[in-house]
S.K.: 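Can you read through this structure? Questions will come right after.
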Amino acid sequence: MRAQSSATASPRIAVGASSAKTGSGSFGTVQAALGVVAFSLTFPATAWGLEGFGPWSLIAVRSILAAVVAGSCLLVAGVTPPERRHWLGLGVVGAGVVLGFPLLTTLALQTSTTAHAAVVVGLLPLTTALLSALRVGTRPSRTFWIAALAGAAAVIAFTVQQSGGALTTADAYLFGALLVCAAGYTEGGRLAREMPGWQVIGWALVLCLPLTVPMAAVALSYEPVHLTAHSVTGLLWVAIGSQFLGLVVWYRGMAAIGIPKASQLQLAQPLLTLVWSVLLLGEHLPVAAPLTAAAVLVCIAVTQRARG
């Protein structure tokens, strides 16, 4: 009888473990999706911020504000500094998502519309998946790669159609932003497996303070500041919403469901940004956007079901 009870209990334990794993994966997807929503507002908020700040001032001040919030959270929680082996990875996160991506995209948005910038950055999921395969050793399935490439092709076709086939200086900034951000995402996702996601971005922000504080001092002395409701709102969002809170849930999601699958959720980001650009900035929504949206959403569904 004992042997029979033990045998009967085993499947229950297995089912319970499987359910817990599924629940964790679902919650991870929700967190990653919340990060995508936060990121989709970054370009419109940056455009608002540029109404009152110069590009260098906006980048430096947003990073400092985010670092103050993150540092306060770390201090209140009594978090001890990361181990020495983690600092190099945190430096990559800082260089990619704290400094590199915000700087390059802000420079691009001086001459590019948010709609155009959004679709170019739509290549970020594929770039992140590629770097993840090289850095972390992930090996997604063939179906995953086919769907990811199809989604990237849809984004590229949309971009070429909108720009008339001519690449600009803004596009060069945006492609550079893709590389540095993908590196930061990949390293951050790897570190989030060993420490909480909010601590990853928190320490990366604090690590950049020796660069961002002098940068802000110099930039603010040369670039005029005109405080308006739009510029202040834009600054606060890119600092706290995009730079800190969005990355907290994003890295937690990446750690839960894996870097490749989380990165493909970002295929929806350009379409969300297009909606915000119309609602918040009054930009014209391209006719091709609904078709691109449908193609991208199908690709997302396939990548999320594909086994890594």
Side-chain angles (χ1 to χ4, degrees), residues 28 31-32 34-36 38-39 41-42 45-46 56 58-106 121 124 127-128 131-132 134-136 176-216 219 235-256 258-259 262-263 266:
Q31 290 184 99
L34 288 175
V36 170
F39 300 152
L41 280 160
T42 299
T46 299
W56 294 92
L58 182 61
I59 295 305
V61 173
R62 70 178 274 186
S63 297
I64 292 173
L65 287 178
V68 169
V69 174
S72 299
C73 292
L74 291 168
L75 187 62
V76 170
V79 178
T80 57
E83 298 177 23
R84 182 179 300 179
R85 61 190 179 90
H86 290 147
W87 282 109
L88 180 59
L90 290 170
V92 173
V93 174
V97 302
V98 176
L99 296 176
F101 185 79
L103 175 60
L104 292 171
T105 53
T106 300
V121 174
L124 184 56
T127 309
T128 303
L131 288 184
S132 172
L134 294 174
R135 176 68 177 91
V136 187
L178 287 175
L179 294 176
V180 297
C181 189
Y185 279 174
T186 299
E187 200 64 23
R190 185 187 67 81
L191 288 172
R193 296 175 179 176
E194 303 183 39
M195 66 176 73
W198 72 273
Q199 293 182 24
V200 173
I201 185 58
W203 286 114
L205 285 163
V206 171
L207 185 63
C208 290
L209 279 175
L211 293 176
T212 54
V213 170
M215 178 179 170
L235 171 63
L236 291 177
W237 179 259
V238 294
I240 300 174
S242 301
Q243 192 88 74
F244 182 59
L245 296 179
L247 284 167
V248 168
V249 292
W250 176 243
Y251 282 140
R252 285 175 62 90
M254 293 179 83
I259 297 173
S263 69
Q266 279 198 305

S.K.: How close do G28 and A256 get, heavy atom to heavy atom, and via which atoms?
M.R.: CA-CB, 3.7 Å
S.K.: So, applying side-chain contact (heavy atoms from CB on, under 4.5 Å) with Q243, which one of V69, T42, V98 is it?
M.R.: V98
S.K.: In Å, rounded to the nearest 0.5 Å, how long is the span from CE of M254 to CZ of R190?
M.R.: 12.0 Å
S.K.: Do you know the tightest heavy-atom contact between A182 and L124?
M.R.: N-CD1, 3.8 Å
S.K.: Would a 4.5 Å heavy-atom cut-off, applied to side chains only, mark V121 and F101 as touching?
M.R.: yes
S.K.: Is there a side-chain contact between I201 and W250, using heavy atoms and a 4.5 Å cut-off?
M.R.: no
S.K.: Using a 4.5 Å cut-off on heavy atoms from C-beta on, say whether the side chain of W198 contacts that of L74.
M.R.: yes
S.K.: Name the orientation class of the two ring planes belonging to F39 and Y185 (parallel below 30°, tilted from 30 to 60°, perpendicular beyond 60°).
M.R.: parallel
S.K.: Going by atom types only, do T212 and S63 share a side-chain donor-acceptor pair under 3.5 Å?
M.R.: no
S.K.: Check whether any side-chain heavy atom of W56 lies under 4.5 Å from a side-chain heavy atom of L103, and answer yes or no.
M.R.: yes
S.K.: Do P102 and V238 have side-chain heavy atoms sitting under 4.5 Å apart?
M.R.: no
S.K.: Has Q199 got a side-chain atom pairing as donor or acceptor with A192's backbone, closer than 3.5 angstrom?
M.R.: no
S.K.: Could you state the interatomic distance from CH2 (W203) to NE2 (H86), rounded to the nearest 0.5 Å?
M.R.: 13.0 Å
S.K.: Given side chains that start at C-beta, do those of R62 and I59 come closer than 4.5 Å, heavy atoms only?
M.R.: yes
S.K.: Might you point out which heavy atoms bring W237 and A38 nearest each other, and give the distance in Å?
M.R.: NE1-O, 3.4 Å
S.K.: Which atoms form the tightest heavy-atom contact between L191 and V93, and what is the distance?
M.R.: CD1-CG2, 4.3 Å
S.K.: Are V61 and L235 close enough, and set up right, to give a side-chain contact (heavy atoms from CB on, under 4.5 Å), and what steps lead you there?
M.R.: CA-CA 8 Å; V61 173; L235 171 63; 3.9 Å; yes
S.K.: Output the distance between atom CG (L178) and atom CG (L104), rounded to the nearest 0.5 Å.
M.R.: 10.0 Å
S.K.: Looking at L207, V213, L205, L211, which hits side-chain contact (heavy atoms from CB on, under 4.5 Å) with L209?
M.R.: V213
S.K.: What are the two closest non-hydrogen atoms of G94 and A204, and how far apart are they?
M.R.: N-CB, 3.9 Å
S.K.: Write down the atom of L65, the atom of A239, and the distance for their closest heavy-atom approach.
M.R.: CB-CB, 3.8 Å
